[in-house]
> 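Before anything else, here's the structure in question.
Chain letters run A, B, ... following the sequence lines, proteins first and then strands; every chain starts at 1. Everything numeric here is computed off the predicted structure, so don't read it as measured data.
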Amino acid sequence: MRLHNSYTNRVEEFVPIEENKVKMYVCGPTVYDYAHLGHARCYITWDVLYRYLKFKGYDVTYCRNVTDVDDKILKKAEKEGKTPEEVSQYWYKQFDNSMKALNTLKPDIEPFATKTLGEMISIVKDLVNKGYAYEADGDVYFRVKKFPAYGNLSKQPIDQLESGARIEVGEHKEDPLDFALWKKDEKFGYKSPWGVGRPGWHIECSAMSRKYLGKTIDIHAGGADLIFPHHENEIAQSECANGCKFVNYWLHNGFVTINKEKMSKSLGNFLTIDELLKKYDANTIRFFILTNHYRMPVEFSDEALASAQAGVKRMLNAKRTNIDESLDITKTDEYKQFVEAMDDDLNTSKALAVLFDLTNKANKDEAGAYTVLFKLASALGFCFAKPELSAEELDDAVRYVSEKLGENFETMEELIAYRKKAREEKNWAVADTIRVALDEKGIVLKDSKEGTVWEVK
RNA sequence: GGCGACAUGGCCAAGUGGUAAGGCAGGAGCCUGCAAAGCUCUUAUCCCCCAGUUCGAAUCUGGGUGUCGCCUCCA
């Protein structure tokens with residue numbers, strides 16, 4: 001398997017540290033607001049990587065943190081008269097629901113920053129002792145110039161970074177490039193060797209990654225906007241504290257754009273996952289994201305989503321015949337093509353082409369095609385379960401059609417039998433009234449030689 | 001200004017040296033009472049422009065043009 005490593009800017013053969021085991025860390029959300037389509041792309045992308053690694057037989061440990069100590073959370077708490085915990089707990093639940101609704105797998109470990117403070121303090125102490133960091137009036141800063149590899153990930157020459165760096169009012173940095181490991185905060189802070197304060201954002205990931213996965217990990221992933229300064233700073237902290245390499249493969253996903261601009265909270269041009277799910281289902285959103293390579297920008301538009309919806313529907317509605325549970329799919333050509341595509345730095349658009357090939361074959365009753373399709377598409381996180389109507393909705397639909405006909409029916413079966421009879425008598429008006437009325441209730445009737453079936457639109 | 005990426009049919013998008021995958025939309029046909037779904041066929045002599053390397057380039061090199069991102073919180 002080959003993956004693009006942002007550190008070397010090359011596609012490299014993936015070799016895990018420990019044979020057959022993968023330790024992956026993904027920078028998780030700061031929980032203070034709704035997650036939007038940009039987050040969905042990120043977490044769906046890495047969900048697919050997680051699923052695919054498992055599909056390949058790796059024993060994967062996936063850790064994704066929750067940042068629950070942060071300026072924005074505190075601001076929100078103050079504004080709403082709540083505690084920071086109340087705010088972060090509420091928004092974590094929202095986030096968790098969104099992730100579930102998108103059919104992403106829960107990471108094996110989902111640590112909260114506030115529960116990992118001990119590890120953070122220990123790393124900061126270590127950095128101070130080793131001379132990589134210094135305390136200044138209750139703050140602790142990292143000495144960037146002590147770490148010669150600084151800028152390697154973002155490919156930023158240090159002098160360029162220097163020209164952009166500033167010292168904010170109230171900060172006591174030795175150098176504008178230095179960044180905070182710990183910040184004095186007497187109101188919301190925690191006890192530390194440097195007084196009451198709270199951790200800087202970057203140290204949180206270094207600490208949680210080390211605590212749960214170890215000093216050197218296989219994969220660290222996140223949005224491309226985290227490359228600088230977040231991931232650059234993580235490398236500096238972790239490698240100076242641990243004296244060894246931090247991450248073997250740095251993976252970054254591209255952005256979702258809207259009107260050719262990055263979708264982001266600060267620009268305010270975002271669509272929340274909740275809003276989106278009212279219009280499109282999880283499979284559609286996943287398909288939309290996977291049609292593009294994960295490193296490329298993806299332009300959001302309703303047209304693109306509608307196209308994705310039509311495409312994914314075709315795939316998931318493939319004819320379910322000739323299901324062969326005993327089939328060894330790894331022997332099939334399509335499996336080989338699928339794996340070849342996915343092994344090539346997650347070429348999901350190519351992998352989807354294989355799935356459409358299988359869809360066509362299944363629709364033509366080719367033996368085993370549906371079985372292979374089902375297993376491969378499931379490996380990408382597509383869900384084949386058809387939407388269902390509740391008993392109430394079904395009753396409502398039957399009642400609605402009954403009223404239209406001026407008859408009294410109790411069940412769908414009765415309706416379909418009645419329509420069958422009408423069709424045999426060439427009473428098209430009645431037959432079409434039933435079909436149109438059901439359609440209005442979200443039920444589609446499909447006539448074929450074998451009879452009529454109904455399904456949810 | 002520094003750094004990084006991208007430009008392929010109406011739309012989305014693979015392909016990165018050997019003659020343009022796939023999806024959506026459109027057209028024709030089959031099936032159907034009509035639909036829906038499905039099936040078959042069909043839609044780029046050409047891949048932003050110019051020059052070069054090569055037997056051969058969308059794919060490599062150089063130069064343009066355009067778009068986006070990072071350099072501040074950000075997935």
> Could you list the residues that satisfy salt bridge (charged side-chain N to carboxylate O under 4.0 Å, His left out) with A:Lys350, not counting sequence neighbours?
none
> In residues 268-277 of chain A, what donor-acceptor pairs under 3.5 Å come from side-chain atoms, sequence neighbours left out?
| residue | atom | partner | partner atom | Å |
| --- | --- | --- | --- | --- |
| A:Asn269 | OD1 | A:Ser264 | N | 3.0 |
| A:Asn269 | ND2 | A:Lys262 | O | 3.0 |
| A:Thr272 | OG1 | A:Glu275 | N | 3.1 |
| A:Thr272 | OG1 | A:Glu275 | OE1 | 3.3 |
| A:Asp274 | OD1 | A:Ser98 | OG | 3.3 |
| A:Glu275 | OE1 | A:Thr272 | N | 2.8 |

> Mind checking ring-ring contact (aromatic ring centres under 6.0 Å, His included) for A:Phe95 and listing every partner two or more places apart, or none if nothing turns up?
A:Tyr43
> Please report the distance, rounded to the nearest Å, between CD in A:Glu299 and P in B:rC6.
18 Å
> On the 0 to 90° scale, with breaks at 30° and 60°, tag the A:Phe287-A:Phe356 ring pair as parallel, tilted or perpendicular.
perpendicular
> What residues in residues 151-162 of chain A put a non-hydrogen atom under 4.0 Å from any atom of RNA chain B?
A:Ser154, A:Lys155, A:Gln156, A:Pro157, A:Gln160, A:Leu161
> Checking ring-ring contact (aromatic ring centres under 6.0 Å, His included) for the pair A:Tyr141/A:Trp182: CA distance, chi angles, key distance, verdict?
CA-CA 7 Å; A:Tyr141 296 100; A:Trp182 191 265; over 10 Å; no
> Among residues two or more places apart or on two chains, list those pairs meeting side chain to side chain donor-acceptor pair (under 3.5 Å) that have a residue in residues 101-111 of chain A.
A:Tyr50-A:Asp108, A:Arg64-A:Glu110, A:Tyr92-A:Lys106, A:Tyr92-A:Glu110, A:Asp96-A:Lys106, A:Lys106-A:Glu110
> Restricting to nitrogen or oxygen on both sides, can you table the protein-nucleotides 10-12 of chain B pairs closer than 3.5 Å?
none

> Using a cut-off of 4.0 Å between protein heavy atoms and nucleotide atoms, how would you tag nucleotides 32-40 of chain B 5' to 3' with B, S and -?
-BBBB-SSS
> Are any protein N/O atoms closer than 3.5 Å to N/O atoms in nucleotides 15-19 of chain B? If there are, list each pair with its distance.
| residue | atom | partner | partner atom | Å |
| --- | --- | --- | --- | --- |
| B:rG15 | OP1 | A:Asn347 | ND2 | 3.0 |

> Could you check whether A:Lys146 pairs with A:Glu174 (Lys NZ or Arg NE/NH1/NH2 to Asp/Glu carboxylate O, under 4.0 Å)?
no
> Taking the same atom, C1', in B:rU45 and in B:rU19, what whole-Å distance lies between them?
10 Å
> Whole Å only: how far is the CG atom of A:Leu355 from the P atom of B:rA14?
16 Å
> Any salt bridge linking A:Asp175 with A:Arg143? Criterion: basic side-chain nitrogen under 4.0 Å from a carboxylate oxygen.
no
> Checking A:Phe147 now: which residues fulfil ring-ring contact (aromatic ring centres under 6.0 Å, His included) with it, not counting sequence neighbours?
none
> Once ring-ring contact (aromatic ring centres under 6.0 Å, His included) is applied, do any residues pair with A:Phe300, and if so which ones, sequence neighbours excluded?
none
> Distance-only criterion, 3.5 Å: show the donor-acceptor pairs between side-chain atoms of residues 302-309 of chain A and protein atoms not counting sequence neighbours.
| residue | atom | partner | partner atom | Å |
| --- | --- | --- | --- | --- |
| A:Asp302 | OD1 | A:Lys279 | NZ | 3.2 |
| A:Asp302 | OD1 | A:Tyr280 | OH | 2.6 |

> Partners of A:Lys79 by salt bridge (charged side-chain N to carboxylate O under 4.0 Å, His left out), sequence neighbours excluded?
none
> In whole angstroms, how far is the P atom of B:rC73 from the NZ atom of A:Lys75?
12 Å
> Does the side chain of A:Trp250 reach to within under 4.5 Å of the side chain of A:Ile235, using non-hydrogen atoms?
yes
> Can you tell me the pairing partner of B:rG10 across any strand shown, Watson-Crick or G-U wobble, with both distances under 3.5 angstrom?
B:rC24
